[in-house]
There are 2 protein chains.
Amino acid sequence: MPSGSADRILEAATRLFGERGYPSTSMRDIGDAVGLLAGSLYSHISSKEAVLLQIVETGLDRYLGMLLPIVESDAPADVRLRRAVTAHVELVTNRVGESLVALHQWKFLSGEHRERIEAKRHVASDAFRRLLDDGIESGTFNAVPDRDIVIAGILGTLNSVAEWYSPKGRATPQEIGEQLADLLLGGLLTPARRRARTTKRTDVAPAGR
Amino acid sequence: MPSGSADRILEAATRLFGERGYPSTSMRDIGDAVGLLAGSLYSHISSKEAVLLQIVETGLDRYLGMLLPIVESDAPADVRLRRAVTAHVELVTNRVGESLVALHQWKFLSGEHRERIEAKRHVASDAFRRLLDDGIESGTFNAVPDRDIVIAGILGTLNSVAEWYSPKGRATPQEIGEQLADLLLGGLLTPARRRARTTKRTDVAPAGR
DNA sequence: CCTACCGATCGGTAGG
DNA sequence: CCTACCGATCGGTAGG
């Protein structure tokens, strides 16, 4: 139950950075949100960028702490992927502000801070890559020409949830997670239509590179 | 072949707004890129926000001009969806800067400008909704509990391409488009595994809301 | 935690 | 298209 001044500043900054972006949020905006003057914030924090770094790194660590045990469990690859998808959606919907900052505002970190965050982002996509490899090797997933495209596609879907999710929307986080898992794992096509398309695949191949 | 001063300013602003974001790009940055002083830009443009609006609206109009004829053609729904996916990827990879600005920086437009852009964004998601409805009605697509989740999932994947695509990457825009279409239309699961999962669907249903 | 302030930078303009 | 400048706002600090 965080309620110290530093925590309240961090909470307000998380919300504001997520809503308006880091460069568009001034220290005066954050001060207004917590009832302090801009200058007074510096009794509790060292710099604006240090606040950003802490939000981003906390969010990324939380995400990896959720993702890695799921990916490294010994369940079948498709079960692990489904769990990763639903857990991802639940984390992101539970912490929209933190997720938005961790996903987009890290670009405004400088130098070594930014490099450390980029390294942790790689840990996450590497985990998905292993998961995909496992599934292909075991015959659970279809072989794909380029795994990185599939990974980027999956993460594109999952990360975008932070941008449109509203707790007032029709669907619960669980329902969103299940439906996106169905989309990414099962696809849209009905089984009958899928067979028809598969046999005609070369008809729609690109003309050439 | 645009090469007037106003066009060169627009090109530079498109690249800079896409790379750093609108609030982090100063008129001096744009001036540097085209070899003018910040104040001199105002002989060719009326304001920084007017430049943003023109980039966003041009990009969105270009996108709708591509999407709507595809969605409204009389091909089967899955063919139309595949065409929309590949065309989306080709447009976004062909104009990364414009796409990034149109997709993310419109939030910094104010008042009526922003409202007009939001309306046009709705036109695009409405087109996808019709397409999905057509496919479900004709039995081409599986019925889904909430169409908007599927649409958001598809657009999340497609729009994220602008953030990671590089012309120096392994895959061509055509290959990316085909693979993402396979992912979104066909899914990852092999046919055998798909049947196994489908019969056990209720096992993994959420505990409740 | 406030008062009072710093130098830097912002979008934009007048006048030529 | 430049010179010269405007008021506003920025992140941050000294001193209490």
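Proteins come first, then strands; the chains are lettered A, B, ... in the order of their sequence lines, and each starts at number 1.
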Q) Within the pair A/S5 and C/dC1, is there a side-chain N or O less than 4.0 Å away from OP1 or OP2? A) yes

Q. With respect to the phosphate group of C/dC1, does any side-chain polar atom (N or O) of A/S43 fall under 4.0 Å of OP1 or OP2?
A. no

How close or far is atom [atom2] of [N] from atom [atom1] of [X], stated in whole angstroms?
X      : N      : atom1 : atom2 : answer
A/L36  : C/dT3  : CG    : C1'   : 15 Å
B/D32  : C/dG11 : CG    : C1'   : 15 Å
B/L41  : D/dC2  : CG    : P     : 9 Å
A/I45  : D/dG12 : CD1   : P     : 7 Å
A/F108 : D/dC10 : CZ    : P     : 16 Å
A/M27  : D/dG11 : CE    : C1'   : 8 Å
A/L52  : D/dC10 : CG    : P     : 17 Å
A/L16  : D/dG11 : CG    : P     : 12 Å

(Q) Check the orientation of B/Y22 and B/F17. Use parallel for under 30°, tilted for 30 to 60°, and perpendicular for over 60°. (A) perpendicular

For the side chain of [X], counting heavy atoms from C-beta on, which of [options] is nearest?
X     : options               : result
A/Y42 : C/dC2, D/dT13, D/dC1  : D/dT13
A/K48 : C/dC1, D/dG11, D/dC1  : D/dG11
B/R28 : D/dC1, C/dG12, D/dC10 : C/dG12

Q.
On DNA chain D, compare the nucleotides closest to A/S40 and A/D29; which residue's is nearer the 5' end?
A. A/D29

Q.
Here's a test for you: under salt bridge (Lys or Arg N to Asp or Glu O under 4.0 Å), which of B/R121, B/R116, B/R114 qualifies with B/E118?
A. B/R114

(Q) If you assign each of B/S26 and A/L37 to its closest nucleotide in DNA chain C, which residue comes earlier from the 5' end? (A) A/L37

Q: Could you tell me whether B/E163 atom CD has more than 12 heavy atoms of other residues or ligands within 6.0 Å of it?
A: yes

Q) From B/D148 CG over to A/Q179 CD, what is the distance, rounded to the nearest 0.5 angstrom? A) 10.0 Å

Q.
With rounding to the nearest 0.5 angstrom, report the CG to CD distance, A/L131 to A/E72.
A. 10.0 Å

Q. A/T25 near the nucleic acid: base, sugar-phosphate alone, or nothing, with a heavy-atom cut-off under 4.0 Å?
A. sugar-phosphate

Q. Taking any strand in view, what nucleotide pairs with D/dG12 in a Watson-Crick or G-U wobble way, both distances under 3.5 Å?
A. C/dC5

